[in-house]
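Every chain is numbered from 1 and lettered A, B, ... according to where its sequence line falls, protein lines coming before strand lines. Keep in mind that the numbers below use all heavy atoms, side chains included, and drop hydrogens, waters and symmetry copies.
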Amino acid sequence: MEYNFKQIEQQAQARWEKAQAYKANNHSDKKPYYVLDMFPYPSGAGLHVGHPLGYIASDIYARYKRLQGFNVLHPMGFDSYGLPAEQYAIQTGQHPEVTTMKNIDRYIEQLKKIGFCYDWDREVKTCDPEFYKWTQWAFIQMFNSYFDPVQQKARPIAELVKHFEQTDVTWNTLTKKQQQERLMNYRIAYLSDTKVNWCPKLGTVLANDEVSEGLSVRGGYPVEQRVMRQWSLRVSAYAGRLLEGLDRIDWTDSLKETQRNWIGRSEGAEMQFNIKGQEEPFTIFTTRADTVFGVTFMVLAPESEYVARVVIDAQKAEVEAYLDRCKHRTERERIADRKVTGVFTGSYAINPLTNAEIPIYISDYVLSGYGTGAIMAVPAHDSRDYAFAKHFNLPIIPLIEGADVSEQSFDAKEGKMINSGFLNGLEVKEAIAKMKEYITNTGIGRVKVNYRLRDAIFSRQRYWGEPFPVYYKDGMPYMIDEKDLPLMLPEVDNFKPTEDGRPPLGNAKDWTYKGYPLELNTMPGFAGSSAYYLRYMDNHNSEALVDKNVNAYWRQVNLYIGGTEHATGHLIYSRFWNKFLYDLGYICEDEPFQKLINQGMIQGRSNFVYRYIGEGATGNLYISYNLIDNPEYKGKVQPIHVNVNIVKNDILDIMAFRNWMPEYKDAQFVYADGTTDEDNPHIGTPSEKQYICGWAVEKMSKSMFNVVNPDDVVEQYGADTLRLYEMFLGPLEMSKPWDTNGIDGVHRFLKKLWSMYENPSDEQPSKDELKSLHKLIKKITWDIENFSFNTSIPAFMIAQNELATLKCNKKAILSQVAILLTPYAPHIAEAMWAQCGEQGFVIDAQWPVCNEEYLVEDNVKYPIQFNGKVKFTIELSKSATKDDVEKTVMEHAETQRLLNGATPKKVIVVPGRIVNIVV
RNA sequence: GCGGCAUUGGCGGAAUUGGUAGACGCGCUAGACUUAGGAUCUAGUUCGAGAGAGUGAAGGUUCGAGUCCUUUAUGCCGCACCA
């Protein structure tokens, strides 16, 4: 009976689909389990072999949980708003919706071929009005809420208004507009003039996580700073809770650490410095309160609001020139060029402890967005301040005993304080504490925690995104009525910005609400992906994002699998979004993703041929990889990428290569054994002469001809082989290259296994067979629970081998093996189940339980060690106690002979394992 | 600079609690069947002829270390003018 995987897989998929086998019910007595993949952006290129890695892993777990009797929610959808579709639209005029839908169809087709157990009835698309209705709804809730710093939670803005009315006498004297402007400082979704990352090439602003080293992550275009009126989300208000929540979730340490870095908590103090000749002091933030005695100058960020107050007339021209220069520097230039720059304001501050007059400078090494945008500079103990002081020739006062600051600053927080008044003699850490106490008591300052995390800029000057449910009246924004949601994305005849520079929605006709103009910006990519996991729970609900009871049943994502590239974007935003909805009582869990696993990337494995470019080269001769270091070829070959699909096990398919591209039509070769085409006139039969290709691990990309399409693998080997092989490649969380070389082994295993299912018998299984089976049950169960999917495949292979040796063809064994195989290779498992005469789907069967009794061995071999060296072995009963073992071993003739009358110092017995005699 | 992770045969990688390192697969080597198949099966395959050595390197703890500790090298990832 041939392993006809095509037939097996088509039949299984057709039956599942017909029976709606993977439909998850929102009401069930079973325990819920929610397994989620990060939904993909449907790109035009389709899936490559790297995409399904995480999907296969989550599918294995989902199927396992299902077999264990859980009601499993395992959905899939599409993050379908985004820039590529819009850029494609600008180039070709094709509507982004058309290309996006086409891509989605292609993705679904590819995914279905691999046999995932998604409940497709729950599919969501972020560009679907029925979906983005709830994105807009959430935005309205955020606009109508503020963050209460005391309770550390979001509350309705109406409560804040009430608070103002009752406690703030000035409130009622304000005009409506003034009141609104004031509330804008509190709303969680707010409109403000902010310095933004503006990417001229993309024509839009970008969030911090969309910018890397001054270049846009997408496209790699320069990004500059610009002040624009933009919507933002007050994510920074949640910094403390986002940090603290990490302790309660089961994510990898590295991912948590990345988020902690991004949130960037630092404990320090805010201090006030008086300005000479002015009433109002200004405030700085420092983590080194102990170093106040060494402050020799102050520095303001160029954008600081203090700047206007402290610049004296004589310095005005110089300062303005400097500010102008900073403004026009791109972020990239600023980072690349770390030369010290700055300008003196002409004003002096007073050191509150020494009463010294210290000059105030402006420099762009101080960031306006962090702390108060102003610092006290301690050149002796901060390398940046040190560089600045050296450049402007400012005094440097060492504060720590033994610190040599003649060449560089001493940044470490260790040593005894000197030159520091009442702090002298204290250790740095004690000094920090003492100074904090001092400034609190004297009122100079207060203890303060600062976060690096910024608010998320939420406006994008794009077409293909969610429209804001916002209209403008008298220059103030208003939310549209919730009953009018969704506010549909309008049609435009041009996807580019308007000629007067307004966003693409400026091209829309009649883009108004009740006669008022609507917002022209759209929401960023992360808007739609921030709460999609909640929508899956109840995606057909037209009354709410998710019904409260339904949410109370599923609660949260139990297992989330996806790439690590979302560590500081999506995974921060959705935690924020989730906490916000939680605060307002719409959902019942504070954290969205209980356990999270990052699957590694699958890199490409490129193949090369080596064109001869030495003397007399025709450009038509290719040298086998094993020969390129020979003296006659060394340095005279040029590697050329060759399509990996015409290379197998690094052996080039000669005929396919000649047919691949016209330029290789007459290609000649020097083969692995050094012979040439002239020696082998009838070449073309691969077994005879081999051309070996070189290889390298590179990114999977079209230009390197190393893209492997899962469809091709499914076509050639079947979905089950693809699934098993992707898991077999290595640990889930590690990055690894796709290497087609080993796939035959996995395929062979399935073939061999399948051959055992011909005419299975009803006989009772033997002890050995049961032992094999239960060993397998134990191993597979452990593997799946520990996400060690790669080690399951060898276990199956070993079991297959053992059972084949026993000539086992018994239904009682084989049907159980089919269940164990189901998570990994569901199609063949389904066919095996039927072959054993079992009724229904194997996917509904019950996961077998390991009976340890079958695993007990009558005898176990104890290696007997002398001082750690194995001298001989003896067989003893597995059930023997430690004392029994020791007694038997000591009485053994060989032991006595080796001891030769001596008394051992120590005898170590590890039951079932080993005996070590120390002499 | 700070933080995290990794390093095991020709290759991908096993070794779950400190207990016989190299499972399983690829590749390779022989053989069988055949007769052209890139199929299947059998045996072998860490290095070394051998004693022996051996998990990036050097120390340490332990009867016993791939696993724990210290130092160090290399690679990957994250953050980075964050006061």
Under a 3.5 Å threshold, yes or no: a donor from one side chain and an acceptor from the other, between [X] and [Y]?
| X | Y | answer |
| --- | --- | --- |
| A/Y3 | A/S755 | no |
| A/Y322 | A/T341 | yes |
| A/E785 | A/Y61 | no |
| A/D455 | A/S236 | yes |

Looking at the side chain of [X], which of [options] is the nearest nucleotide?
| X | options | result |
| --- | --- | --- |
| A/T258 | B/G78, B/C24, B/U16 | B/G78 |
| A/Y370 | B/A23, B/A83, B/G3 | B/A83 |
| A/N790 | B/G78, B/G3, B/A14 | B/A14 |
| A/W262 | B/G25, B/C79, B/A83 | B/C79 |
| A/S254 | B/C79, B/G4, B/U40 | B/G4 |
| A/K736 | B/G13, B/U40, B/G4 | B/G13 |
| A/T791 | B/A14, B/C81, B/G4 | B/A14 |
| A/R748 | B/C26, B/A83, B/G12 | B/C26 |
| A/Y365 | B/C81, B/A14, B/U40 | B/C81 |
| A/P794 | B/C24, B/U40, B/A14 | B/C24 |

Sugar-phosphate only, base, or nothing, as touched by [X] at under 4.0 Å among non-hydrogen atoms:
| X | answer |
| --- | --- |
| A/I375 | base |
| A/N741 | sugar-phosphate |
| A/R605 | nothing |
| A/I798 | sugar-phosphate |
| A/K779 | base |

Exercise. Taking 4.0 angstrom as the limit, do A/E267 and A/K448 come out as a salt bridge?
Worked result: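 So A/E267 does not pair with A/K448 through a salt bridge.
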
Exercise. Residues in side chain to side chain contact (heavy atoms under 4.5 Å, CB included) with A/K390, at least two apart?
Worked result: A/Y386, A/I396

Exercise. How do A/Q259 and A/P737 order along RNA chain B: which one's closest nucleotide is nearer the 5' end?
Worked result: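 Closer to the 5' end of RNA chain B: A/P737.
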
Problem set entry | Atom NZ of A/K778 with >12 non-hydrogen neighbours under 6.0 angstrom | no

Problem set entry | Distance, rounded to the nearest Å, where A/F273 contributes CZ and B/A83 contributes C1' |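 The distance from CZ of A/F273 to C1' of B/A83 comes to 12 Å, rounded to the nearest Å.
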
Problem set entry | Identified stems (criterion: three or more consecutive Watson-Crick or G-U pairs, under 3.5 Å), RNA chain B | B:1-7 with B:73-79, B:10-12 with B:24-26, B:27-32 with B:40-45, B:56-60 with B:68-72

For this session: Report yes if at least one side-chain N or O of A/R452 is closer than 4.0 Å to OP1 or OP2 of B/C79; otherwise report no.
Result: no

